[in-house]
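Note that the coordinates shown come from a computational prediction; the quantities given were computed from them, not determined experimentally.
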Amino acid sequence: MGRLLLPTEPDADAHDDGPLTGLSRRTVLRAAAGGLLLPAVGLAWAQSPLSRPTSEDALGPFYPEGHAPDSDADLTSAPGRSGKAMGTLLYLSGRVLDRRGMPLAGVQMDIWQANAVGRYAHSGDDSSAPLDPAFLGFARLKTDAEGRYALKTIKPGEYGRRTPHIHFEVRGAASRLVTQMYFEGERRNESDGLLNAGSAAGRATKMARWIEPSGHHEKDALVAHWDVVLAFG
C-alpha cells in the first residue's frame with residue numbers, strides 16, 4: 001500500500017494577509033497622522049488585498065507508480081494502448097497565480113486521479129472496482145507564459161467514502177503545493193473527511209466551478225475551471 005502523507009504546513013489561515021498583519025487600522029491611522037509611518041508602509045496600506053493561497057491537502061496513498069506521466073494534456077487515451085477511457089469527458093483549465101494575482105509561467109503540475117468508477121491504476125488499490133486499460137490517470141504539465149494550464153480527462157468516480165477529487169502537486173519557483181481539487185455540488189462533499197478537515201475558506205480554494213461547455217466540446221462533456229494560488233510563487 002502506498003503512503004498517506006498529510007500536509008506538514010499549516011492551513012492557509014495561518015498565512016499573513018499582508019505587511020500590516022498585527023497592526024489595527026486605528027493604530028495605523030494614528031501613526032500616519034503623526035508622521036511615524038515610513039513611505040513603504042503607507043504604500044503597502046494602499047495596495048489591494050492579497051489573494052488567499054490554495055490550501056494543502058493529503059498526498060494520498062496512490063501517487064502514480066510504474067509508468068511515465070502523460071505530457072500531452074489528454075488522459076482519455078493511454079500511450080501504446082487502444083481505445084478511449086470510459087466515463088464522462090471532463091475539460092479542466094485554469095491558471096497558477098501568486099498572491100498578487102500575477103500569472104506564474106513554467107510551473108510544473110503533476111496531476112493524478114481515479115478512473116470513472118473510482119479505481120486508481122496503482123498496485124496498492126485493492127478495490128473491487130475494475131481498472132480501465134485505456135486510463136492511466138497521470139499527467140505532468142507546465143503552465144504557459146500566462147500561467148494557464150488545460151487538461152482533457154474524465155470525471156473521477158467516488159473512491160471508498162471519498163467524494164470525487166483530482167490530486168495535484170504544483171511546483172513553483174519558491175513554493176511546492178500538494179493538494180486535491182474537488183467539484184462543487186457533489187453529494188459526498190459534506191461528508192468527506194479530508195475535504196472538511198480545514199476551514200470553510202480553505203475548502204473554497206480547492207473547489208472547481210462548473211462552466212458552460214462551448215461549441216468546441218463534445219456532446220455531454222463537462223467543463224470546469226480552477227485557479228491555483230501559490231503562497232510564495
Assess, by modelled atom type and distance only, whether the side chains of Y182 and Q180 contain a donor and an acceptor separated by less than 3.5 Å.
yes

Please verify the inter-ring angle class for Y159 with Y120; under 30° counts as parallel, over 60° as perpendicular, anything in between as tilted.
perpendicular

Restricting to side-chain contact (heavy atoms from CB on, under 4.5 Å), what partner residues turn up for D132, sequence neighbours left out?
A85, M86, N115, A134, F135

Side chain R209, main chain H225, donor-acceptor under 3.5 Å:
no

Quick one: does Y91's side chain get under 4.5 Å of T153's, heavy atoms only?
no

Close side-chain approach of V229 and T205, heavy atoms under 4.5 Å:
no

Ring center gap for F62 and W112 short of 6.0 angstrom
no

Would you check if H122 and P64 make a side-chain contact, meaning some heavy-atom pair closer than 4.5 Å?
no

Sub-3.5 Å donor-acceptor pair from the side chain of Q113 to the main-chain atoms of I154, do we have one?
yes

Residues in side-chain contact (heavy atoms from CB on, under 4.5 Å) with S214, at least two apart?
H216, H217

Salt-bridge present (K155, E186; N to O < 4.0 Å):
yes

Check for me, please, whether I166 and Y63 land in the same ILVMFWY cluster - side-chain distances under 4.5 Å, paths through other members count.
no

Got a donor-acceptor contact below 3.5 angstrom from the S77 side chain to the K84 backbone?
no

Backbone of Y149 reached by a side-chain donor or acceptor of T143 within 3.5 Å:
no

If only atom types and distance count, is the side chain of D227 paired as donor or acceptor with the main-chain N or O of R95 below 3.5 Å?
yes

Could you check whether any side-chain heavy atom of P130 comes within less than 4.5 Å of a side-chain heavy atom of R119, counting everything from C-beta outward?
no

Applied to residues 162-173, the salt bridge (charged side-chain N to carboxylate O under 4.0 Å, His left out) test, sequence neighbours excluded, yields R162-D192, E169-R171, E169-R176

In terms of side-chain geometry, is the basic nitrogen of R188 or E158 positioned less than 4.0 Å from the acidic oxygen of its partner?
yes

So do the side chains of K152 and E218 get within less than 4.5 Å of each other, counting heavy atoms only?
yes

Does D70 reach the main-chain N or O of A78 with its side chain, forming a donor-acceptor pair under 3.5 Å?
no

4.5 Å side-chain heavy-atom contact, N189 and L195:
yes

